[in-house]
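What follows is one structure encoded as structure tokens, with my remarks underneath.
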Amino acid sequence: MEKIEVIRHSAAHILAAAVCKVYDNVKFDIGPATDEGFYYDFDLPHRLSTDDFPAIETEMKAIIAANLPFERLEVSRAEAQNMFAGQPYKLDRLADIPEGQTVSIYKTGAYIDLCRGPHVASTGEIGAIRLTAVAGSYYRGDEKNKMLQRVYGIAAATQTELDEIVNRIEEAKKRDHRRIGKELELFTITDDVGPGLAHWLPKGARIRVAIEDYWRKEHFRAGYEMLFTPHVGRAQLWQTSGHLGFYKDGMFPNMNVTEGEGDKSFTEQYYVKPMNCPFHIQAYQARKYSYRDLPLRFAELGTVYRYEKEGVRHGLLRVRGFTQDDAHIFCAPDKIEEEIRFTVKFCLHILHRFGFNDITAYLSTRPEKAVGNPEDWETATASLRNALEAEGLAYQVDEGGGAFYGPKIDMKIKDALGRQWQLGTIQFDFNMPERFDLTYTGEDGKEHRPYMVHRALLGSLERFFGILIEHYAGAFPVWLAPLQVRIMPITDKQLGYAKDLEAKLKALDFRVDVDADNEKIGAKIRKAQLQKIPFMLVIGGREAEAGAVAVRSREEGDKGTMPLEAFIELLREAQQA
RNA sequence: GCCAACUUAGCUCAGCUGGUAGAGCAGCGCAUUCGUAAUGCGCAGGUCAUCGGUUCGAUCCCGAUAGUUGGCUCCA
């Protein structure tokens with residue numbers, strides 16, 4: 001265990017010791033180290049809030065200043081039960097320790113805790129602590145259990161290190177897509193329309209269009225066909241697909257539509273789609289396919305709605321309406337290996353374009369309860385595994401972690417801050433083809449069941465956008481930037497020339513505007529920098545006279561004066577990057 | 001769904017123990033015509049989330065509802 005983890009875990013003990021000292025009737029559970037700091041779970045009559053932090057921190061600092069030793073004691077089960085009488089959570093945890101295994105406790109001053117350790121030698125080794133948040137947490141993470149009060153904190157060997165951690169957290173907050181989304185006017189979610197329903201504002205929409213254009217172009221190149229399918233479908237469709245049986249709670253409630261009049265009237269139920277699969281299947285069933293037609297690749301930027309439970313929404317990362325970059329591949333079993341490899345390769349190609357190069361795959365295999373015959377699972381899983389290995393992609397295996405209807409690969413990327421996000425998924429489905437009785441005609445003239453693979457590369461555009469915003473901290477590369485060039489005349493004498501430049505660049509499909517505000521050039525630059533526009537053209541009398549442009553880059557500052565053609569060349573290059 | 005905190009102008013936030021609200025930025029107007037991160041002056045902008053209660057009187061106290069935030073649970 002790393003030293004910092006030991007410090008964090010020890011700080012958790014000190015937190016518990018302090019809380020026990022400050023409040024009465026404290027029952028404590030456990031307090032581990034986390035990636036950033038530590039937490040401890042308590043059950044006490046007093047409702048903890050951040051207002052209580054100063055008192056608790058003062059007590060913690062006193063314990064640290066006293067430099068008390070962490071004493072490790074090994075005791076018998078009976079002794080431990082005695083020590084923790086009146087501590088139901090501890091007794092419950094004690095019961096988890098297998099018979100015959102040593103029961104160790106750690107003593108710090110008057111505070112004793114059941115703990116495996118290790119700990120620092122004495123409290124003085126914990127240089128600095130700070131409590132950060134209080135939150136509810138179910139005992140043992142089970143929502144049927146009582147909710148405990150969890151106090152979060154951070155700890156470090158020195159105050160300087162603690163300050164660094166605080167800074168890092170602040171930096172991450174500055175990148176928060178919700179904050180940047182507001183500052184750069186990228187998207188909005190309003191109370192009036194409803195929670196979890198995102199609106200892409202003009203600048204966000206420009207980015208989305210750039211993403212979609214690229215996505216479509218690459219898909220056509222890779223042999224996909226595009227579909228556009230309805231947003232609602234009759235209850236019977238969802239009955240057949242099994243969604244009403246399994247995922248009704250995750251769907252928006254039905255719409256009742258009454259057709260006909262009087263005695264002949266009947267009421268039909270419709271549901272808004274939580275998935276595109278049934279519709280793509282309808283498209284497949286629009287005609288008969290032969291083995292020669294396969295693999296068939298149907299793609300759609302399909303907007304779906306899922307009634308996510310309250311309390312799980314988070315900006316664009318978890319919404320109720322979103323557009324999946326979806327595709328379904330219908331493939332003959334003997335071609336599946338090749339097709340999966342092709343799909344994995346394609347996925348990596350797309351992710352690289354967005355600056356994600358650190359990619360890990362997760363292979364999930366057959367769970368206990370599963371549909372489809374075992375040989376198909378075997379073939380499918382092997383094709384996934386072989387594709388990952390052929391591409392030299394690092395992967396982990398989640399044995400039995402697949403959905404009941406098929407094995408899958410999930411792709412996780414690391415962003416600029418090193419945080420991991422799950423994006424794409426390549427998922428077999430042995431359920432739908434059966435339910436909808438999908439077939440193709442084989443070489444032998446007989447009907448065969450195709451393999452169906454569901455796949456998304458970016459996941460959902462909303463979520464992907466949120467991740468992209470944080471990854472680039474709002475400073476999008478030129479090809480994605482909503483505005484690529486801002487032209488800034490120094491005085492209104494250059495306005496005419498500036499407008500000419502704008503028209504020329506627009507004619508070349510660049511995204512460009514003119515800042516005609518009555519402001520000093522310094523103010524215009526500041527505005528453009530804050531809006532993270534990649535290129536600024538400063539246009540004064542000299543440039544207008546020479547028919548040139550003074551280029552400023554978002555990252556590199558003043559790049560000097562050059563002819564318009566030279567700038568266009570520069571811009572084209574930047575757009576490729 | 002659960003625990004806690006929060007909700008004041010387009011944005012970021014003030015508002016002492018109850019007497020119907022302020023700033024900066026953004027917006028608009030006027031002046032200024034300026035060379036690489038903020039020119040000055042002025043104007044306008046609010047059902048203090050919503051509903052109900054207590055009170056002579058509520059942005060402030062109490063309750064409910066909605067939403068947001070941090071977690072827990074969940075994520076086909």
Side-chain angles (χ1 to χ4, degrees), chain A residues 34 39 41-43 47-52 132-152 169 173 176 178-179 182-185 188-196 238 241-251 274-275 277 304 306-315 317-320 322 402-406 408 422 425 427 429 431-432 454 459-460 463 488-495 517-531 536-544 550-554 556-561:
Chain A
T34 63
Y39 68 80
D41 285 345
F42 302 101
D43 183 9
R47 284 271 162 243
L48 291 169
S49 81
T50 48
D51 296 340
D52 300 316
T132 52
V134 54
S137 165
Y138 296 108
Y139 176 56
R140 288 181 184 270
D142 187 335
E143 62 182 323
K144 287 186 210 70
N145 287 340
K146 179 162 186 177
M147 180 153 281
L148 307 179
Q149 302 190 66
R150 176 172 293 179
V151 177
Y152 284 90
I169 294 169
K173 266 190 198 156
D176 191 312
R178 292 165 299 185
R179 176 178 173 151
K182 205 176 265 181
E183 282 168 0
L184 300 185
E185 296 172 17
T188 188
I189 298 173
T190 74
D191 209 353
D192 285 346
V193 172
W238 304 111
S241 71
H243 287 96
L244 278 178
F246 293 111
Y247 314 118
K248 193 161 191 279
D249 290 347
M251 292 168 74
M275 275 189 146
C277 315
V304 298
R306 297 180 187 180
Y307 199 77
E308 299 289 0
K309 285 202 296 181
E310 279 176 56
V312 302
R313 292 183 299 271
H314 181 86
L317 299 182
R318 192 83 186 272
V319 288
R320 278 184 173 165
F322 55 97
F404 72 89
Y405 51 80
K408 65 171 175 176
Q422 193 200 312
T425 179
Q427 166 115 50
D429 193 327
N431 190 37
M432 295 281 162
H454 162 100
S460 97
R463 179 179 150 82
M488 306 185 295
I490 290 179
T491 77
D492 53 18
K493 287 195 195 74
Q494 289 89 44
L495 197 54
D517 284 1
N518 185 2
E519 293 280 1
K520 288 187 173 175
I521 195 67
K524 290 187 184 183
I525 285 170
R526 180 181 149 81
K527 235 190 314 176
Q529 284 288 155
L530 290 174
Q531 287 170 29
M536 291 154 257
L537 300 182
V538 176
I539 304 301
R542 296 200 291 268
E543 286 75 20
V551 180
R552 184 188 160 94
S553 123
R554 173 178 67 190
E556 298 159 43
D558 195 348
K559 298 199 54 103
T561 304

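None of the values given here were measured: they were computed from a predicted structure. In what follows, chains are A, B, ... by sequence order, proteins preceding strands, each numbered from 1.
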Give one of base, sugar-phosphate or nothing for [X], where a contact means two heavy atoms less than 4.0 Å apart.
X	value
A:Ala550	base
A:Asp191	sugar-phosphate
A:Arg552	base
A:Lys524	nothing
A:Ile521	sugar-phosphate

- Query: Any N or O donor-acceptor pair linking the side chain of A:Gln494 to the base of B:G35 at under 3.5 Å?
  - Reply: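 Side chain to base: no pair present.
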- Is any N or O donor-acceptor pair between the side chain of A:Tyr138 and the base of B:G1 shorter than 3.5 Å? yes
- Does A:His314 have a side-chain nitrogen or oxygen under 4.0 Å from the phosphate oxygens OP1 or OP2 of B:C75?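 A:His314 to B:C75 OP1/OP2: no side-chain N or O under 4.0 Å.
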- Phosphate-side-chain proximity, A:Lys182 and B:U12, N/O vs OP1/OP2 below 4.0 Å: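 Yes.
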Spacing of the [atom1] atoms in [M] and [N] (rounded, Å):
N	M	atom1	answer
B:C3	B:U65	P	12 Å
B:G42	B:G57	C1'	36 Å
B:A66	B:A38	P	47 Å
B:G35	B:U69	P	44 Å
B:U7	B:U50	P	13 Å
B:G53	B:G67	P	24 Å
B:C2	B:A58	C1'	32 Å
B:C11	B:C48	P	16 Å

- Item | Consecutive Watson-Crick or G-U pairs in runs of at least 3, all under 3.5 Å, in which RNA chain B is involved | B:1-7 with B:66-72, B:10-13 with B:22-25, B:27-31 with B:39-43, B:49-53 with B:61-65
- From the options B:G35, B:G70, B:U73, select the nucleotide whose nearest atom is closest to the side chain of A:Arg178.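 Nearest nucleotide to the side chain: B:G70.
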- Query: Sequence neighbours excluded, which residues qualify as side-chain contact (heavy atoms from CB on, under 4.5 Å) partners of A:Leu244?
  - Reply: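 With neighbours one apart ignored, the set is A:Ala235, A:Trp238, A:Gln239, A:Lys248, A:Met251, A:Tyr271.
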- Item | ring-ring contact (aromatic ring centres under 6.0 Å, His included) partners of A:Tyr39, counting only residues at least two apart |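 For A:Tyr39 the ring-ring contact (aromatic ring centres under 6.0 Å, His included) partners, ignoring immediate neighbours, are A:Tyr152.
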- Report the residues that fulfil ring-ring contact (aromatic ring centres under 6.0 Å, His included) with A:Phe42, sequence neighbours left out, ordered by chain and then residue number.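 Checked A:Phe42 against ring-ring contact (aromatic ring centres under 6.0 Å, His included); matches are A:Tyr40.
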- Query: Looking at residues at least two apart in the chain, or sitting in another chain, which of them share a side-chain hydrogen bond (donor to acceptor under 3.5 Å, both in side chains) with A:Gln422?
  - Reply: A:Asp410
- Query: Could you write nucleotides 3-10 of chain B as a row of B, S and -, 5' to 3', where a protein heavy atom under 4.0 Å of any base atom gives B, of only sugar-phosphate atoms gives S, and otherwise -?
  - Reply: BS------
